[in-house]
*Asks:* 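Before anything else, here's the structure in question.
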Amino acid sequence: MEYFANIGKIKYEGKQSDNPLSFKFYNPEEIVAGKTMREQLKFAMSYWHTMCAEGTDMFGVGTITKNYGAADAMDIAKNKAYAAFELMDKLDIDYYCFHDRDIAPEADTLKETNARLDVITDILESSMKSSGKKLLWGTANCFGNKRYMHGAGTAPNADVFAFAAAQIKKAVEITTRLGGDGYVFWGGREGYETLLNTNMALEQDNMARLMRMTVDYARSIGFKGDFYIEPKPKEPTKHQYDFDTATVLAFLRKYGLDKDFKMNIEANHATLAAHTFQHELRVARDNGVFGSIDANQGDMLLGWDTDQFPTNVYETALCMYEVLKAGGFTKGGLNFDAKTRRGSNTPEDIFLAYIAGMDAFALGLRIADKIIADGRIDKFVAERYASYNSGIGKKIINGTATMAELEAYVLNIGDVTTNISGKQEYLENVINQIMF
Ligand code: XLS
Ligand code: NI
Ligand code: NI
């Protein structure tokens with residue numbers, strides 16, 4: 001059975017092509033910065049947006065049906081799995097990511113739910129074997145069910161904590177069975193609505209306990225992938241504990257989890273935290289915790305996670321600059337945590353959206369490679385800090401300068417006489433010159 005029968009395999013046709021169902025900039029086997037574009041970009045499909053989301057919002061019902069020709073919930077789930085592999089094949093996407101509840105609907109008991117997961121995991125496993133597609137990461141949806149209304153790991157009710165642990169145990173098992181390269185924690189309800197009813201210290205201690213248990217259990221059953229935390233400042237909670245990369249780093253260090261977790265950085269979450277996407281990537285890279293990316297973009301006029309397909313090439317270029325500077329992806333990749341707009345409601349729109357996102361990142365990679373090869377930006381930054389390479393600057397860096405010595409130094413020079421320009425406008429124009 002073919003689910004997207006009117007769409008063939010998407011091929012690279014180059015910039016001059018006017019075929020909407022072709023890549024203009026993503027040429028999978030072309031070498032850019034020492035590796036094929038396929039290896040550099042490691043695109044992944046998000047199961048939840050792509051296979052499940054029907055376009056519902058706070059004000060309206062779905063605009064696109066995703067039952068894949070079936071009526072029964074488990075039949076839909078099975079067809080969805082087959083359709084997912086057809087879609088990845090046609091878009092030439094090598095990886096996918098899922099929440100447990102995306103692949104199989106929850107039943108009345110955990111036992112029955114887990115049995116359903118096993119049925120679908122069988123399908124995913126055999127489809128992966130025959131297609132060569134891989135699991136970038138798995139995760140547990142610990143935010144959708146009403147039991148999680150006060151949180152999961154951070155719930156005030158120990159039974160809820162227990163349920164979350166049981167659910168995550170199974171999610172880790174299927175991720176391991178499918179050879180997943182990663183396991184993600186995104187704490188959508190791990191936060192609070194008001195401090196008037198919240199013991200924040202206990203909630204955060206408990207979150208750390210749940211993470212420690214997960215890591216220990218996963219390693220004990222042979223999980224070899226990376227663990228990620230995906231920061232987000234708010235939505236659905238008013239305040240989410242994993243606010244941004246810096247906040248998560250402090251949390252991990254406090255609880256001794258910093259060797260076990262890296263970041264999964266999402267562009268739209270960065271902007272919700274009042275940071276640029278590049279800022280979050282830079283903080284992760286500088287602290288050795290750059291892991292994976294949820295590729296999307298937000299809308300500057302809206303204060304929520306719009307999860308749009310990324311098409312802003314300035315952002316993808318600066319993102320790929322950070323990725324290349326971090327040495328490229330290891331176990332991580334670019335997961336399109338993105339959905340078509342509610343009004344883009346045909347299956348073809350999903351293909352067009354992925355093509356737009358993949359082309360935007362292909363352009364970003366090409367430009368980032370040129371920025372690095374051009375060298376002007378890196379050279380400018382190096383020269384800007386040159387005063388630390390010798391003299392008093394070198395002593396500050398190697399830790400031998402004392403307060404008294406610095407005072408004597410200043411008394412001798414009188415005042416700061418040279419402060420070179422930061423040249424922001426020039427540098428922005430260098431980027432434009434490279435891009436166009
Ligand atoms: C929601 C998050 C979510 C995670 C996975 O805002 O981006 O989709 O990526 O739970
Ligand atoms: Ni995400
Ligand atoms: Ni998100």
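All of these numbers come straight from a predicted model, not from anything done at the bench. What you see below is based on every heavy atom in this structure, not just the backbone, and it leaves out hydrogens, waters and symmetry mates. Indexing begins at 1, ligand by ligand and atom by atom, following the structure's order.
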*Asks:* Centres of the F261 and F185 rings: under 6.0 Å?
*Replies:*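 When the ring centroids of F261 and F185 are compared, they turn out to be within the sub-6.0 Å range.
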*Asks:* Is any side-chain N of the basic residue among E193 and K238 closer than 4.0 Å to the acidic one's carboxylate O?
*Replies:*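 Here E193 does not pair with K238 in a salt bridge, since their nearest N and O are not under 4.0 Å apart.
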*Asks:* Is there a donor in the side chain of R376 and an acceptor in the side chain of Q433, or the other way round, less than 3.5 Å apart?
*Replies:*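 Q433 and R376 do have a side-chain donor-acceptor pair below 3.5 Å.
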*Asks:* Check step by step if side chain to side chain contact (heavy atoms under 4.5 Å, CB included) holds for I265 and V283.
*Replies:* CA-CA 10 Å; I265 308 282; V283 176; over 6 Å; no
*Asks:* Under 6.0 Å between ring centres: does that hold for W186 and F143?
*Replies:*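 Here the rings of F143 and W186 have centres that are less than 6.0 Å from each other.
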*Asks:* Looking at D305, which of its N, O or S atoms is the nearest one to the Ni ion (ligand 3)?
*Replies:*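 Atom name returned: OD2.
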*Asks:* Look at K90 together with E2 and state whether they make a salt bridge at an N to O cut-off of under 4.0 Å.
*Replies:*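 Answer for the salt bridge query: yes.
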*Asks:* Using the ring centroid of each side chain, check whether F329 and F290 are separated by less than 6.0 Å.
*Replies:*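 Centroid distance F329-F290: below 6.0 Å, so yes.
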*Asks:* What are the protein N/O/S atoms, named by residue and atom, that sit under 2.8 Å from the Ni ion (ligand 2)?
*Replies:*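 The answer, once waters are left aside, is E230 OE2, E266 OE1, D294 OD2, D337 OD2.
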*Asks:* Taking the six-membered ring for Trp and the single ring otherwise, decide whether the centroids of F336 and F43 are under 6.0 Å apart.
*Replies:*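 Yes, the ring of F336 comes within the 6.0 Å limit of the ring of F43, centre to centre.
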*Asks:* Which N or O atoms of ligand 1 sit under 3.5 Å from a protein N or O, and how far apart is each pair?
*Replies:*
{"unit_1": "ligand 1", "atom_1": "6 (O)", "unit_2": "K232", "atom_2": "NZ", "d": "2.9"}
{"unit_1": "ligand 1", "atom_1": "6 (O)", "unit_2": "H269", "atom_2": "NE2", "d": "3.1"}
{"unit_1": "ligand 1", "atom_1": "6 (O)", "unit_2": "D305", "atom_2": "OD2", "d": "2.9"}
{"unit_1": "ligand 1", "atom_1": "7 (O)", "unit_2": "E230", "atom_2": "OE2", "d": "2.7"}
{"unit_1": "ligand 1", "atom_1": "7 (O)", "unit_2": "E266", "atom_2": "OE1", "d": "2.7"}
{"unit_1": "ligand 1", "atom_1": "7 (O)", "unit_2": "H269", "atom_2": "NE2", "d": "3.3"}
{"unit_1": "ligand 1", "atom_1": "7 (O)", "unit_2": "D337", "atom_2": "OD2", "d": "2.7"}
{"unit_1": "ligand 1", "atom_1": "8 (O)", "unit_2": "W48", "atom_2": "NE1", "d": "3.4"}
{"unit_1": "ligand 1", "atom_1": "8 (O)", "unit_2": "D337", "atom_2": "OD2", "d": "3.0"}
{"unit_1": "ligand 1", "atom_1": "9 (O)", "unit_2": "E230", "atom_2": "OE1", "d": "2.6"}
{"unit_1": "ligand 1", "atom_1": "9 (O)", "unit_2": "E230", "atom_2": "OE2", "d": "2.9"}
{"unit_1": "ligand 1", "atom_1": "9 (O)", "unit_2": "D294", "atom_2": "OD2", "d": "2.9"}
{"unit_1": "ligand 1", "atom_1": "9 (O)", "unit_2": "D337", "atom_2": "OD2", "d": "2.9"}
{"unit_1": "ligand 1", "atom_1": "10 (O)", "unit_2": "H99", "atom_2": "NE2", "d": "2.7"}

*Asks:* What do you reckon, is CG of D18 surrounded by more than 12 foreign heavy atoms closer than 6.0 Å?
*Replies:*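 12 or below, so no.
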*Asks:* Any chance the rings of Y26 and F361 have centres within less than 6.0 Å?
*Replies:*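 They do not qualify: ring centres at least 6.0 Å apart.
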